[in-house]
Amino acid sequence: MKIMAFIGSPRKNGNTAKIVNAICKGAKESGHEVEIYNLSEMDNMGCNACDACQLEKVDFCLIDDKLTNLLPQIAKADYLIVGTPIYMLQVSGATKNFLDRLRPFLKPDLTAKHLPGKKYITVTCSGAPAAAFSNVTEYFNQFFGYFGMENAGNIVVGNLQEKDDIIRRSKILEEAEEMGKKLS
Ligand SMILES: Cc1cc2nc3c(=O)[nH]c(=O)nc-3n(C[C@H](O)[C@H](O)[C@H](O)COP(=O)(O)O)c2cc1C
C-alpha cells in the first residue's frame, strides 16, 4: 500500500514527528511504500479561494507550489497520516492550510472525489492533558469522514512540552510503530 504522512509541526523531529515517524517505521517494516512530508517545509500557503478547482479549470490546484505537486499522489495513496501539535486550542496553521488545500477533492456539488474509501490516521500532541482537545480529534474525524475516508486510528497525546518529551513515553512510540506494522 502507498502511505503518505504529513507532519504539521514546524519543530523538527518534535513530538508529533516522532510519533508519525514511528507509525511510518512500522509500516515500512511491513513492506508498505511510505512518504513523509513536513508541511512547514512545503511553502504550503493556504487556499487562495480562486475556485479553479471548483470550476474544474484544473485537475487539482492552480497554486504553483510543492503541495500542489503532491495532490495527484494523494489521489493515488491508500492511507493518509496527519499529525499536528495543538496550537492555540486547534490544529497548527500548517495543518489547517494543508486541510484547506484538499478542496480539490470536492466536486462542484461538494461531494468527495478521489479520497472515498481511503484510510486515515491522525496524531495530536498537546502541552495540556490529552482529554483537553478531544474536539480536535472530532474535527479531524468530521473532516476526513466528509471525504468518505475510513478512520484507522487517532493517537492523542498530552503533557508534551519539550520536543523530546515523547521519548520518555516509549510505550506510546511502541504502540505507534505497532499500529504502522498492522496497517491493512
Ligand atoms: C504557538 C503554540 C501554541 C500552542 N498552543 C497550545 C495550546 O493551545 N494548548 C496546549 O495544550 N498546548 C499548546 N502548545 C504546546 C504544543 O502543543 C506541545 O508542546 C506539542 O507537544 C508540540 O508538538 P511538537 O513537539 O510536535 O511541535 C502550543 C505550542 C506553540 C508553539
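When a ligand or atom number is given, it counts from 1 through the structure's own listing order. Residue numbers start at 1 and run along the sequence shown.
Remark: ligand 1 atoms within the under-4.0 Å shell around heavy atoms of Ala128 are 10 (C), 11 (O). In the vicinity of Gly14, heavy-atom distances shorter than 4.0 Å reach the ligand 1 atoms 25 (O), 26 (O). Of all atoms in ligand 1, numbered sequentially from 1 with element shown, those under 4.0 Å from a heavy atom of Pro85 are 22 (C), 23 (O). When each atom of ligand 1 is checked for a heavy atom of Leu89 under 4.0 Å away, the hits are 7 (C), 8 (O).
In terms of protein heavy-atom proximity, atom 5 (N) of ligand 1 is closest to Met88 N, 2.9 Å. Of the protein's non-hydrogen atoms, Ser9 OG, 2.6 Å is the one closest to atom 27 (O) of ligand 1. Closest to atom 19 (O) of ligand 1, if we only count protein heavy atoms, is Leu160 O, 2.8 Å. Atom 17 (O) of ligand 1 has as its closest protein heavy atom Ile86 O, 2.7 Å.
Using a 4.0 Å cut-off between heavy atoms, Gln161 contacts ligand 1 through its backbone alone, with no side-chain atom that close. Heavy atoms of Cys125 found under 4.0 angstrom from ligand 1 belong to the backbone as well as the side chain.
Side chains of Thr137 and Asn154: a donor-acceptor N/O pair is absent below 3.5 angstrom, by distance only.
Of the residues listed (Leu39, Asn13, Ile36), the one engaging Ile7 in a side chain to side chain contact (heavy atoms under 4.5 Å, CB included) is Ile36, and it is the only one.
Taking the six-membered ring for Trp and the full ring otherwise, the centers of Phe105 and Phe60 sit less than 6.0 Å from each other.
Using bins of under 30°, 30° to 60° and over 60° for the plane-to-plane angle, the ring pair Phe143/Phe147 lands in the tilted bin.
Put simply, the side chain of Leu70 reaches to within 4.5 Å of the side chain of Met4, judged on heavy atoms.
Under the 3.5 Å distance criterion, the side-chain polar atoms of Lys119 are matched with a main-chain donor or acceptor of Ser184.
Using a cut-off of 4.0 Å between Lys/Arg side-chain N and Asp/Glu carboxylate O, Arg101 and Asp65 are scored as salt-bridged.
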